[in-house]
2 protein chains.
Amino acid sequence: MAHQVTIKDLARHLNVSVATISRALRDMPEIKPETRQAVLQLAKEWDYQPNILATSLVKSRTKTIGVIVPDLAYHFFASVIKGIEEEANERGYSLLLTQTSELYQRELTNVQNLSRGQVEGFVISLSQETVDLDHLKRLQRKGIPLVFFDRDAAEMDVSKVMVDNVGAAYEATKHLIDNGCKRIAFLAGPHSVTVSNQRLEGYTLALKEFGYQIDESLIVHGEYNLERAIEITNYLINLENRPDGLIVVSDRLAVGAMSALKARNIKIPEEVAVVSFNNEPICTIITPTLTSVAQPTLDIGKLATSILVNQIEDTKGFFKPEVKILKTQLVVRESSQKLKVEN
Amino acid sequence: MAHQVTIKDLARHLNVSVATISRALRDMPEIKPETRQAVLQLAKEWDYQPNILATSLVKSRTKTIGVIVPDLAYHFFASVIKGIEEEANERGYSLLLTQTSELYQRELTNVQNLSRGQVEGFVISLSQETVDLDHLKRLQRKGIPLVFFDRDAAEMDVSKVMVDNVGAAYEATKHLIDNGCKRIAFLAGPHSVTVSNQRLEGYTLALKEFGYQIDESLIVHGEYNLERAIEITNYLINLENRPDGLIVVSDRLAVGAMSALKARNIKIPEEVAVVSFNNEPICTIITPTLTSVAQPTLDIGKLATSILVNQIEDTKGFFKPEVKILKTQLVVRESSQKLKVEN
DNA sequence: CTGAAAGCGCTTACAG
DNA sequence: CTGAAAGCGCTTACAG
């Protein structure tokens, strides 16, 4: 067979109209049982597959959601996507998945490509480079729903599924304090990254609450790469009054920080206790195992998708953007337990 | 604006036919410069986006490739996808990405969904459960090109981009022998997994070549999960004549094996040297760092995509399935170096 | 240089 | 219960 089988082919062979074929295939009640029978059988025999492009075109509905994430290789995004998939399937939607590789240009073209009639809405986490938000505002103007997660942009008035980063960092800091840390450093991301700033806020909040001085020399910002994390850690180690606790803005950077500490034979957690964020699989693999803040990735994905679909299917225009802040959970492991638990 | 702008809207506003709009937008030479000018300007002003569904329908071409992988959270697949993306972009194709979560059912529905006129070909890596290949044979019968990578199915006569697993395992085994291992065990995957079997073959080949006895008690098969890896490792440790070298079929399982060894205070590599496959990021993070066989993931993705596009665009029917076997590279780290390199 | 018409593969009032 | 016709948003010979 040179081309895909169409309803026309079926119609011709059965000597009925394409309308009848279309109805029979979709189990419309008005079709005579024998007709339906014959149609379904032939369709099966010829392995007929409806052309979804045609259906989408006439219905002006694709039942497809565009998902744009910075990088599929990040465990966090891969597992949020699992949640998105699950909810989408349940609601009868398919996914169009793309990654930006943290590049604004890619994000732009991805959004544009997908908005050419391919998707009815977006679940998106911004690239690190993204500052200009025109491409997203254009979507909004056209009434294409979108939901943010993880990477935020304050000025966008859309639905968002975020995590209580302030609270998470507060808890992480308190945990170090409880474990006897006196000087706690914070290895932060770039100044422009909201998530990092929120975590920093939680950190200072906790310090203040427990009567600790905020020491600016202990707060260092850097790009998201291993080399910088090592550099910063070495700087911290070399301080006159070296920190005895370290909060790192992500597990990946924490890996760099820990390797720098190990290279200098500094004991973790005895000399420096370490806590980080995301609870990626490496946390259980690295030595010592790494205390980290777990995000409810599956729920983030599901909730974001659920809100999006609600908006897509809201024909009455009742929908208002929803902002959800989910709770995190501190998973305590070896890297932070200066004081052994007694029982 | 309630709906997306169409060429009809533009035509009406400019008092020309939709044909003229269509031609102007695509820069056809016959259009009068002033007309084109006006069209382009209005299109820009109204942020017109061509409806790709309509275009695809009339051209019977989507310029889209379906990609089906077991799990996006596996580093291996995420990085092959990078290669696929790169090559696809270069050739002017988009990607439709799906994962099966290693479930046959998902693979089936993914293939079916995508073959409803959405993609022109597939790059696919089979789910672990997949035994029945009817869904793929149906694609073939319809003349929809597909290319396999990593996970093979011998009976399918299609293009494949694989890796020389036999050679890779041969090299890994030889490396352990060179490092003084006398009894080398092999922690394999399930019996049904081709990749695992090929690696096992390379292992026996090397043993034979270097005059080692094949000891069946040192070859153990298991599912792909940490618990089984730990179980198997414990079994190996408890053997009367404990192995002093261990080849593990994947990094993930190697992590389990190493934690079992560490739990029993068995020194790596002094007492048991370890080598595994895939060279995932964990190899550099775990202690000791893990010697592993690197696959050329980017090349796998690019090559698979290049072959696929060649087949898609081969209108003359000259195309014959191509099977490519790429070379791997052993990355030596601490876990396998019993004998320190002298210089 | 431009337009009318047919068509891509479907769905859906409308009529019978 | 079934069919003819119009239409979804485009492209493309064909004619002028």
Side-chain angles (χ1 to χ4, degrees), chain A residues 1-40 42-43 46-64 113-120 142, chain B residues 1-40 42-43 46-64 113-120 142:
Chain A
M1 227 160 297
H3 73 135
Q4 293 273 71
V5 180
T6 70
I7 55 172
K8 231 174 172 173
D9 299 325
L10 300 176
R12 196 158 23 215
H13 189 262
L14 292 176
N15 255 316
V16 293
S17 72
V18 294
T20 300
I21 301 286
S22 170
R23 290 185 183 113
L25 288 171
R26 280 169 305 128
D27 266 345
M28 312 234 82
E30 65 262 39
I31 294 293
K32 185 161 62 169
E34 299 91 82
T35 315
R36 180 187 3 264
Q37 210 31 56
V39 172
L40 292 180
L42 187 65
W46 286 5
D47 192 22
Y48 165 79
Q49 298 285 356
N51 184 320
I52 232 176
L53 301 183
T55 312
S56 297
L57 189 59
V58 36
K59 295 209 165 180
S60 297
R61 295 223 42 195
T62 60
K63 283 259 195 178
T64 301
N113 287 340
L114 296 189
S115 62
R116 296 179 178 179
Q118 300 202 73
V119 305
E120 300 187 45
K142 292 193 183 177
Chain B
M1 227 162 297
H3 74 134
Q4 293 274 70
V5 179
T6 70
I7 56 172
K8 231 174 170 173
D9 299 325
L10 300 176
R12 197 160 19 218
H13 189 260
L14 292 175
N15 255 314
V16 294
S17 72
V18 292
T20 299
I21 301 287
S22 170
R23 291 187 182 109
L25 289 171
R26 279 168 308 128
D27 265 345
M28 311 235 82
E30 65 260 39
I31 293 294
K32 184 161 60 168
E34 299 90 82
T35 315
R36 184 197 347 273
Q37 216 21 63
V39 172
L40 292 180
L42 187 64
W46 286 5
D47 193 21
Y48 165 78
Q49 297 286 354
N51 184 320
I52 232 177
L53 301 183
T55 312
S56 298
L57 190 59
V58 37
K59 294 210 167 183
S60 299
R61 296 222 43 193
T62 59
K63 282 261 196 174
T64 301
N113 288 339
L114 297 188
S115 61
R116 296 180 178 177
Q118 300 201 73
V119 306
E120 299 188 45
K142 292 192 183 178

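Below, read A as the first sequence line, B as the second, and so on, with proteins coming before strands; counting in each chain starts at 1. Computed over heavy atoms, backbone and side chain alike; hydrogens, waters and symmetry mates excluded. Worth saying up front: this structure is predicted, and the values here are computed from it rather than measured.
- At a threshold of 4.5 Å between non-hydrogen side-chain atoms, the residues A:S56 and A:L53 do not count as touching.
- For the pair A:L114 and A:T64, the minimum side-chain heavy-atom distance is 4.5 Å or more.
- Looking at heavy-atom distances under 4.0 Å, A:S56 makes no contact with the nucleic acid at all.
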Listed pairs, N/O of protein and of nucleotides 12-16 of chain D, under 3.5 Å:
unit_1: D:dT12; atom_1: OP2; unit_2: B:R26; atom_2: NH1; d: 3.0
unit_1: D:dA13; atom_1: N6; unit_2: B:R23; atom_2: NH2; d: 2.4

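- Side-chain nitrogen and oxygen atoms of A:S17 include at least one within less than 4.0 Å of the OP1 or OP2 phosphate oxygen of D:dG3.
- Looking at A:D47 and B:K142, their side chains come closer than 4.5 Å, going by heavy atoms from C-beta outward.
- Taking 4.0 angstrom as the limit, A:K8 places a side-chain polar atom (N or O) nearer than this to OP1 or OP2 of C:dC8.
- Taking 4.0 angstrom as the limit, A:T20 places a side-chain polar atom (N or O) nearer than this to OP1 or OP2 of D:dG3.
- Closest heavy-atom contact between B:A11 and B:S17: CB-C, 3.9 Å.
- Applying the salt bridge (charged side-chain N to carboxylate O under 4.0 Å, His left out) rule to A:E30 yields the partners A:R23; only residues at least two apart in sequence or on another chain are considered.
- Nearest nucleotide to the side chain of B:K32, out of C:dT11, D:dG9, C:dT2: C:dT2.
- Between A:Y48 and C:dG9, a side-chain N or O to OP1/OP2 separation shorter than 4.0 Å is absent.
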- Pairing annotation in dot-bracket form, given for DNA chain C with Watson-Crick or G-U pairs under 3.5 Å and | for cross-strand partners: |||.||||||||.|||
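- When the P atom is used for both C:dA4 and D:dG7, the distance is 16 Å, rounded to whole Å.
- The shortest heavy-atom contact between B:L42 and B:L14 is CD2-CG, 3.8 Å.
- Using a 4.0 Å heavy-atom criterion, one finds that B:I31 contacts the sugar-phosphate atoms exclusively.
- A 4.5 Å side-chain heavy-atom check between A:Q118 and A:T62 finds every atom pair outside the cut-off.
- Of the residues listed (B:V5, B:V16, B:V18), the one engaging B:L10 in a side chain to side chain contact (heavy atoms under 4.5 Å, CB included) is B:V5, and it is the only one.
- Using a 4.0 Å cut-off, some side-chain N or O of B:T35 falls inside it from OP1 or OP2 of C:dT2.
- With distances taken from any side-chain atom of A:P33 to the nucleotides D:dC1, C:dG9, D:dG9, the minimum falls on D:dC1.
- In this structure, B:E30 places its CD atom 12 Å from P of C:dG3, rounding to the nearest Å.
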